[in-house]
**Q** 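Mind looking over this structure? Questions follow.
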There are 2 protein chains.
Amino acid sequence: MGAVAQPPAELRTYRGVPASQRKAERRDRLVSAGLELFGTRGIAATRVDDVCAEAGLTKRYFYESFESLDDLVTAVMEAVLLDVAAIVVPVIETDGWRNPRPVFSAYIGALLEDPRLVRLLVVETHNGALANRREEMVELAVDTWLASDPGADKSPEHLPVQRLLAHAMAGAAGEVALAWVNGRIDLTADQIVDQLVRIFERITPRV
Amino acid sequence: MGAVAQPPAELRTYRGVPASQRKAERRDRLVSAGLELFGTRGIAATRVDDVCAEAGLTKRYFYESFESLDDLVTAVMEAVLLDVAAIVVPVIETDGWRNPRPVFSAYIGALLEDPRLVRLLVVETHNGALANRREEMVELAVDTWLASDPGADKSPEHLPVQRLLAHAMAGAAGEVALAWVNGRIDLTADQIVDQLVRIFERITPRV
DNA sequence: GGAATCTGACACTCTTTCGTGTCACTCTGC
DNA sequence: GCAGAGTGACACGAAAGAGTGTCAGATTCC
């Protein structure tokens, strides 16, 4: 009848850092480890223990921040998308679609500098839970593009075509980035951007 | 000292069909089951037992024809590529690249008629053992295209660009097909083909 | 200095799946 | 019709991985 087992209790600082910061740092290390492993060997070939080893932590701390590997996958993807958006969005806002080169330069540049991003965004996004998110991303890109591009043909009968063109452009850019990081295309990053811009301009119908 | 254990022994006919044909039929059913499951739920979500249940066979017969699930994956992909090639190659040989619409119509038509093919060729080809084969396929397509298209710009400084354009076109077509089977693009199959042909013609530099 | 928490290593159970084995039953060839 | 091969259902052990528990030592707070 005495007191029932007490929940965890207090949170103390350790080695000078408060508990919340320690936990956040461990989470960050796990996300970094996830980015590294998912972006190189791929999600399907990554185990919880692998992530822990890469992060230099034990499973206990994995489950402190994540419920499952899928949970970490989501977190890694979220982090990557935030990073990329932070790079691309300002460029869109200043240069806009009338001058697409800076936009492609920023986006493709970010990808080509880190092959892990290419693998994550182009290859691994096809995995189960991420497939829907991928489609949503493309659709979102279409909508933002159409909304922000004054030169786009927005007539109702062209809307499905614009949608198709956006998917085509996304697919083209992804496949080209993938081929490039795999050493299949003997061009410089700048030349890649040039060609993608050229494709964009030739494909896009202007009013 | 006596005779050692004899290997299986003879092969008899059963229910009227000879052993070799029975084995071949079982293999075919397993490949069909693989196509169905890999093309719908995906390779990663498919187990050996699932394939056997789908094929109406037991594991014994799975391992009669395949060493592992990866082995079946390879066989399924081989069968699919043969099918698609059988449809597309004759069209290329008769119509050629000067008139790309029949080519795209044949290829995309074959894909759009069977969503499982789209999933297999666009999504599942990124899986481990298949990734290399995928790259090879694209490269092969580039080479055949360049070799057979008299109008293509084959000057040495444009070769890497042609290579890039082929990857771009492959990525665009794949992504569009995927979006279409997922109901993201409100166009008819013919309109999809029209747009892809238009993209091809606008992208491709002619001499 | 001592009680309590934090940390890391690792042992442990549970589940899933693989690949093989067993067995009863069916069909074939002679 | 009978010895033996073919068939299908299922049992079985091995292996890998998930998620939890334990424990000793380090660190903190009072």
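This structure is a prediction, so every number in the text was calculated from the model and none was measured. Per chain, numbering begins at 1; letters A, B, ... match sequence-line order.
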**Q** When the distance from CD of B:Glu25 to P of D:dT7 is rounded to whole Å, what number comes out?
**A**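 About 11 Å, once rounded to whole Å.
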**Q** Counting only heavy atoms not in A:Tyr107, do more than 12 fall under 6.0 Å of its OH?
**A** no
**Q** Could you check how far CG of A:Leu30 sits from C1' of C:dG8, rounded to whole Å?
**A** 14 Å
**Q** Side-chain donor-acceptor contacts of residues 85-95 of chain A below 3.5 Å, not counting sequence neighbours, with atom names and distances?
**A**
residue, atom, partner, partner atom, Å
A:Thr94, OG1, A:Pro90, O, 3.4
A:Thr94, OG1, A:Val91, O, 3.2

**Q** Before accepting this row, confirm whether a basic side-chain N of the pair B:Arg133/B:Glu78 lies closer than 4.0 Å to the acidic partner's carboxylate O.
**A**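 Salt bridge present between B:Arg133 and B:Glu78.
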**Q** Is the backbone of A:Gly16 close enough, under 3.5 Å, to the side chain of A:Thr13 for a donor and an acceptor to pair up by distance?
**A**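 No, A:Thr13 side chain to A:Gly16 backbone: no donor-acceptor pair under 3.5 Å.
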**Q** When you compare the protein's N or O atoms with those of nucleotides 26-29 of chain D, which come within less than 3.5 Å of each other, and at what distance?
**A**
residue, atom, partner, partner atom, Å
D:dT27, OP1, A:Arg15, NH2, 3.4
D:dT27, O4', A:Tyr14, OH, 3.1
D:dT28, OP1, A:Arg15, N, 2.8
D:dT28, O2, A:Arg12, NH1, 3.2
D:dT28, O2, A:Arg12, NH2, 3.3
D:dC29, OP1, A:Thr13, OG1, 3.2

**Q** Atom CZ of residue position B:Phe66 - does it have more than 12 heavy atoms of other residues, nucleotides or ligands inside 6.0 Å?
**A** yes
**Q** Report the distance from atom CZ of A:Arg26 to atom P of C:dC6, rounded to the nearest whole Å.
**A** 9 Å
**Q** Hey, are B:Arg116 and B:Asp114 close enough for a salt bridge, meaning a charged N less than 4.0 Å from a carboxylate O?
**A** yes
**Q** Answer yes or no: is there a donor N or O on one side and an acceptor on the other, between the side chain of A:Arg29 and the main chain of A:Ala55, under 3.5 Å?
**A**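 Checked: pair present.
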**Q** Would you please test B:Lys59 and B:Glu64 for salt bridge (charged side-chain N to carboxylate O under 4.0 Å, His left out) and show each step?
**A** CA-CA 8 Å; B:Lys59 279 199 283 194; B:Glu64 174 194 45; over 6 Å; no
**Q** Is it true that B:Arg163 and A:Asp186 have a side-chain N and a carboxylate O under 4.0 angstrom from each other?
**A** no
**Q** Would you say a side-chain N or O of B:Tyr63 is under 4.0 Å from OP1 or OP2 of C:dT20?
**A**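 For B:Tyr63, the contact criterion (side-chain N or O under 4.0 Å from OP1 or OP2 of C:dT20) is not met.
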**Q** Grab the CG-P distance between A:Asp50 and D:dA16 for me, whole Å please.
**A**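 About 13 Å, once rounded to whole Å.
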**Q** Using atom CG of A:Asp71 as one end and atom P of D:dG19 as the other, report the distance to the nearest whole Å.
**A**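 Nearest whole value for this atom pair: 10 Å.
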**Q** List, with names and distances, any nitrogen or oxygen atoms from the protein found under 3.5 Å away from nitrogen or oxygen atoms belonging to nucleotides 9-17 of chain C.
**A**
residue, atom, partner, partner atom, Å
C:dT17, OP1, B:Arg47, NE, 3.1

**Q** With a non-hydrogen cut-off below 4.0 angstrom, is A:Tyr61 in contact with a base, only sugar-phosphate, or nothing?
**A** base
**Q** If I take atom CG in residue A:Leu72 and atom C1' in nucleotide D:dG19, what distance separates them, rounded to the nearest angstrom?
**A**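 Between C1' of D:dG19 and CG of A:Leu72: 16 Å.
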